[in-house]
Amino acid sequence: MTEPTHDETHGGALGERLNWLRAAVLGANDGIVSTAGLVVGVAGATDDRSALLTAGLAGLLAGSMSMAAGEYVSVSTQRDSEKAALALEKRELRERPEAELEELTGLLEERGLSRQVAREAAEQLTARDALRAHARVELGIDPDQLTNPWHAAWASFLAFTAGALLPLLAMVLPPAGWRLAVTVVSVLAALVLTGWSSARLGAADPGRAMLRNVAGGALAMGVTYAAGALLGAAGV
């Protein structure tokens, strides 16, 4: 009989994938809202296509670069912390192996194993790869999958750019009389989608997430359009 295959993703790999997907959705959402607010605000002051395109592109580039730089710095700090924790654990394993074995046994006991089984498991894990065992059980770190700042930076850059392109194109491509309406409708529709996606990834209520997204985006566009209209009327 052919053995059934089992390709389901478990544990850290699934969690890491969900985190990346959630970060991508949130990055796209930021790109949509911030760029929509910018171009709608400029549209309140002028209908010049060049001005709208310039403002939108500037906002897209500034926002995507800012997101990428922020993610790079943040994840680099996290990676440095993970490396420091692994280095400390490696030194402790070298200097006091018995104490570390006892610590691993206690951690396994806390997870529901009996003292005897925990001790046997700790000894086997230590014999196989002591550092890996302590990294995973004690620190919650996989030494082979440390966070990568470049991956995070590029993911944030691309997600923000993808989100920002929607309101930018919606504002500059249609005829002047349709620009604002097309932008508002397309942005709100996109926010419904990102709200639903983020809720599904977090196993939350999609209705509330979509309502928050739409309300926040509508408020941002309303405020910036009003500000732009006032400045345009004042001839600024």
Might you point out which heavy atoms bring Ala164 and Thr35 nearest each other, and give the distance in Å? CB-OG1, 3.1 Å
Non-hydrogen atoms of Ala135 and Leu86 that approach each other most closely: CB-CD2, 3.6 Å
Going by side-chain hydrogen bond (donor to acceptor under 3.5 Å, both in side chains), name the pairs with one or both residues in residues 212-234, residues two or more places apart or in two chains. Asn29-Asn213, Thr194-Asn213
Gap between atom CD of Glu120 and atom CG of Leu125 - 0.5 Å precision: 12.0 Å
So the side-chain hydrogen bond (donor to acceptor under 3.5 Å, both in side chains) pairs with at least one residue in residues 106-115 (sequence neighbours excluded) are Glu102-Arg115, Glu109-Arg115
So, using salt bridge (charged side-chain N to carboxylate O under 4.0 Å, His left out) as the criterion, who are the partners of Asp47 when residues are at least two apart? none
Roughly how far, to the nearest 0.5 Å, is CD of Glu138 from CG of Leu108? 11.0 Å
Looking at every heavy atom in both Ser76 and Pro149, which two are closest together, and how far apart are they? OG-CB, 3.2 Å
Same hydrophobic cluster for Ile141 and Val75, using side-chain heavy-atom links shorter than 4.5 Å among ILVMFWY? no
Euclidean distance, Leu193 CG relative to Leu188 CG, rounded to 0.5 Å: 13.0 Å
When hydrophobic residues are tied together by side-chain contacts of less than 4.5 Å, even through go-betweens, does Leu169 share a cluster with Leu180? yes
Check Val33 against Ala220 and note the closest heavy-atom contact, atom names and distance. CG1-CB, 4.1 Å
Do Val187 and Val40 touch side chain to side chain, with heavy atoms closer than 4.5 Å? no
Which pairs, with at least one residue in residues 74-91 and sequence neighbours excluded, count as a salt bridge (charged side-chain N to carboxylate O under 4.0 Å, His left out)? none
Sub-4.5 Å side-chain heavy-atom contact between Leu52 and Leu168: no
Closest heavy-atom pair, Gly163 versus Ile32, reported as atoms and distance to 0.1 Å, is O-CG1, 3.3 Å
Hydrophobic cluster (4.5 angstrom, side-chain heavy atoms) - remaining members for Met65: Tyr72, Trp150, Trp154, Phe157, Leu158
State yes or no: do Met171 and Val184 share one hydrophobic cluster built from I, L, V, M, F, W and Y residues joined by side-chain heavy-atom distances below 4.5 Å, directly or via other members? yes
Quick one: list whatever passes side-chain hydrogen bond (donor to acceptor under 3.5 Å, both in side chains) with Ser64, sequence neighbours left out. none
Straight-line distance of Leu107 CG to Leu113 CG, nearest 0.5 Å: 11.0 Å
Name all residues meeting the side-chain hydrogen bond (donor to acceptor under 3.5 Å, both in side chains) criterion together with Arg94; count only those two or more places apart in sequence or in a different chain, and write none if there are none. none
Partners passing side-chain hydrogen bond (donor to acceptor under 3.5 Å, both in side chains) against Asp48 (at least two apart in sequence or in another chain): none
Under 4.5 Å between side-chain heavy atoms, hopping through other hydrophobics if needed: is there a path connecting Leu60 to Leu53? yes
Pairs satisfying side-chain hydrogen bond (donor to acceptor under 3.5 Å, both in side chains), at least one member in residues 168-187, at least two apart: none
Of all the heavy-atom pairs spanning Gly195 and Met210, show the shortest one and how long it is. C-CG, 3.9 Å
Flag if over 12 foreign heavy atoms under 6.0 Å of CD, Gln116: no
Can you list everything that forms a salt bridge (charged side-chain N to carboxylate O under 4.0 Å, His left out) with Glu123? Sequence neighbours excluded, please. Arg119
For Arg96, check salt bridge (charged side-chain N to carboxylate O under 4.0 Å, His left out) against everything at least two apart and list the hits. Glu92, Glu100
Do Leu101 and Val117 sit in the same hydrophobic cluster, where Ile, Leu, Val, Met, Phe, Trp and Tyr count as joined when their side-chain heavy atoms come under 4.5 Å apart? no
Would a 4.5 Å heavy-atom cut-off, applied to side chains only, mark Phe160 and Ser66 as touching? no
Looking at OG1 of Thr126 and CG of Leu131, how far apart are the two atoms once the value is rounded to the nearest 0.5 Å? 10.5 Å
Share the residues that join Leu219 in a hydrophobic cluster, the rule being Ile, Leu, Val, Met, Phe, Trp or Tyr side chains under 4.5 Å apart at the heavy-atom level. Val223
If I take atom CG from residue Leu211 and atom CZ from residue Arg208, how far apart are they, to the nearest 0.5 angstrom? 10.0 Å
